[in-house]
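Read the structure below first, then the notes.
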Amino acid sequence: MTSQQEERLSAHLDGALSLEEEAALSAELAASPQLRARLAELAAVDEAVRAMGGPVAGEDLKQRLRARLTEGDGPAVPRSPAGRGPARRRFGRLAASAALAASALLVVWLAVGPESPESDGSELVQIPLTETIPEDFLVASDEADREVIEVLDLLAVLDELEEGSS
Amino acid sequence: MDDDVQLMQAFQNGDEQAFEALFDRWATRLLRFLVRMVKDTAVAEELVQETFLRVHRARERYSPEARFSTWLFTIAGNAARNELRRPFRRHAHDRPDDGAANDEGPTLQLVSDAPATDDVAHARRVGDAVDAAFARIPERQRAALWLSAVEGQSYAEIARALDTSEKSVKALVHRARVSLSKFVTPEGEPVSPAATAERGGSA
């Protein structure tokens, strides 16, 4: 079976073939048990996906939406059921990481000394940073750039929210 | 004129109950789509709210030439993409209690309160296998196949929701089907690990 034939089977399942293409495919299917078997396999995928189910949007979700609409169309930052949306969770995580990093830097600064004349900076590399800073904080520079931008964006959003509520 | 368009027009004319009716009609379907995209029910619920908030705010921009569902899933698709692009979005592996979900995809329950008969147990077994395989295929393939197979959207509608071309959608849907066909038999049975390996999949 060619890949073009297989693609036509998919397009057939999606109802995307023209009448002429459907007629041609019907003739090919009638002549090829292998093609018919492949069509059955691909159709089974659709059936399985349709049967997967999933969660149901309950009344609580509607109530939360209603509350946000009542608040004046709601904030731009989505909120979780507990009232902490992804943006705030991320901000919290960033703030925690930043606090931890600041603590680590303070430890480094105290270990080296504010103006230690003996220090040539080599002590810094001996400080076991990975033991005090979470591994995921040690990121590549481009990701660090994105983190800074993300924090600035979030601070701007929070400022807007605070201005809006005051 | 279909019911959704009538409801949307009523909402445009100030009928808030029409908006709630649209929510009732579409929230669960939207939630299931978004869960498949972001693999996190709590985040998906937030995105459902966000999508309907945008519908509420942008009601004046809705034009009845497009199906309401196309418009809705386009907004939801954008919301999901934005969420997935966030550098610090929560992934399943961020949470220690999600180890199983990380290995086997989202653990969703089939919606049924009926007793666990053989049929139901079988359906759950098949559902789990498909869930796991579905969670592993790329995001855009998941979205394209879901919108085609579950929502019955045309390539043009899916292209709009995913901000891509119809040709790309055709390829995405096909690739998703081919990938998943390694895990499901025509009888709806999950394929055994040995048979899956034979078909070129990694169970």
Side-chain angles (χ1 to χ4, degrees), chain A residues 3 6-11 13-16 37-58 60-62 64-69 73-82 85-87 89-91 93-94 136 139 143 145-147 149-151 154, chain B residues 16 20 23-24 27-32 35-36 41-50 52-53 56-57 79 83 86-90 106 108-112 123 126-127 129-131 134 145-146 148-150 152 154-155 166 170-171 173-174 176-178 180-181 183-188:
Chain A
S3 59
E6 203 175 44
E7 280 174 19
R8 280 209 300 280
L9 293 178
S10 251
L13 290 171
D14 293 325
R38 188 58 178 149
L39 178 61
E41 285 175 358
L42 297 177
V45 169
D46 284 20
E47 281 304 314
V49 170
R50 279 193 282 270
M52 279 200 294
V56 174
D60 62 319
L61 186 57
K62 195 174 172 180
R64 277 186 271 150
L65 175 63
R66 212 178 266 149
R68 288 177 67 178
L69 288 167
D73 253 6
V77 181
R79 274 186 198 162
S80 70
R89 281 200 304 271
R90 277 189 295 278
F91 179 74
R93 188 175 159 208
L94 278 170
D136 64 354
V139 289
E143 194 172 348
D145 289 343
R146 284 202 301 275
E147 287 174 17
I149 292 165
E150 174 96 343
V151 170
L154 286 169
Chain B
E16 285 287 332
E20 294 213 1
F23 181 89
D24 291 339
T28 291
R29 290 168 73 167
L30 200 59
L31 178 60
R32 291 179 179 185
V35 163
R36 298 296 165 187
T41 304
V43 173
E45 285 187 346
E46 287 163 3
L47 294 178
V48 168
Q49 289 186 61
E50 192 63 25
F52 275 97
L53 280 173
H56 199 277
R57 289 171 190 153
E83 173 62 25
R86 289 180 195 276
F88 281 114
R89 73 173 298 264
R90 286 177 56 150
L108 298 174
Q109 295 179 345
L110 293 178
V111 181
S112 170
V126 174
V130 178
D131 267 357
F134 192 80
L145 181 59
W146 187 272
S148 173
V150 179
S154 67
Y155 288 163
E166 290 182 44
K170 183 179 179 182
V173 174
H174 178 59
R177 270 200 194 103
V178 169
L180 290 178
S181 70
F183 299 91
V184 184
T185 70
E187 293 76 35

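The figures that follow rest on heavy atoms only: side chains count, while hydrogens, waters and symmetry mates do not. Proteins get letters first, then strands, A, B, ... in listed order; numbering begins at 1 in each.
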(request) Could you look at A:E47 and say if it's the side chain, the backbone, both or neither that has a heavy atom under 4.5 Å from chain B? (result)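 The answer is neither part of A:E47.
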
Write down the atom of [X], the atom of [Y], and the distance for their closest heavy-atom approach.
| X | Y | result |
| --- | --- | --- |
| B:V130 | A:A48 | CG2-CB, 3.5 Å |
| A:P55 | B:T28 | O-CG2, 3.7 Å |
| A:S10 | B:Y155 | O-OH, 4.1 Å |
| A:A11 | B:K170 | CB-CE, 4.1 Å |
| B:Q49 | A:L65 | O-CD1, 3.7 Å |

(message) For a side chain to side chain contact (heavy atoms under 4.5 Å, CB included) check, start with the C-alpha distance between A:M52 and B:W146, then their side-chain angles and the critical distance, and finish with the verdict.
(response) CA-CA 11 Å; A:M52 279 200 294; B:W146 187 272; 3.6 Å; yes

(message) With side chain to side chain contact (heavy atoms under 4.5 Å, CB included) as the criterion, how do A:R68 and B:E50 come out once you've worked through the C-alpha distance, each side chain's angles and the decisive distance to 0.1 Å?
(response) CA-CA 10 Å; A:R68 288 177 67 178; B:E50 192 63 25; 3.2 Å; yes

(request) Considering only heavy atoms and a distance below 4.5 Å, find which of A:V49, A:L39, A:L9, A:L13 pairs most often with chain B. (result)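 Highest number of heavy-atom pairs under 4.5 Å: A:V49.
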
(message) Any heavy-atom pair between the side chains of A:L61 and B:F23 that's under 4.5 Å?
(response)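 Contact flag for B:F23/A:L61 side chains = yes.
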
(message) Any heavy-atom pair between the side chains of B:H174 and A:D14 that's under 4.5 Å?
(response)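 Counting from C-beta outward, A:D14 and B:H174 never come under 4.5 Å.
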
(request) Output the distance between atom CD (B:E46) and atom CZ (A:R64), rounded to the nearest 0.5 Å. (result)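 Rounded to the nearest 0.5 Å, the CD-CZ separation comes to 7.5 Å.
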
(request) Look up atom CD in B:E20 and atom CZ in A:R66, then write down how far apart they are to the nearest 0.5 Å. (result)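 Rounded to the nearest 0.5 Å, the CD-CZ separation comes to 4.0 Å.
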
(request) Measure distances from B:L145 to the heavy atoms of chain A and classify the residue's part below 4.5 Å as side chain, backbone, both or neither. (result)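 Answer is side chain: those atoms of B:L145 sit under 4.5 Å from chain A.
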
(request) Please look at B:V150 and chain A and tell me whether the side chain, the backbone, both or neither of the residue comes under 4.5 angstrom of a heavy atom of that chain. (result)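 Both parts, backbone and side chain.
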
(message) Tell me whether A:R50 contacts the main-chain N or O of B:A149 through its side chain, where contact means a donor paired with an acceptor under 3.5 Å.
(response)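 Yes; judged by distance alone, with no hydrogens or angles, the pair exists.
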
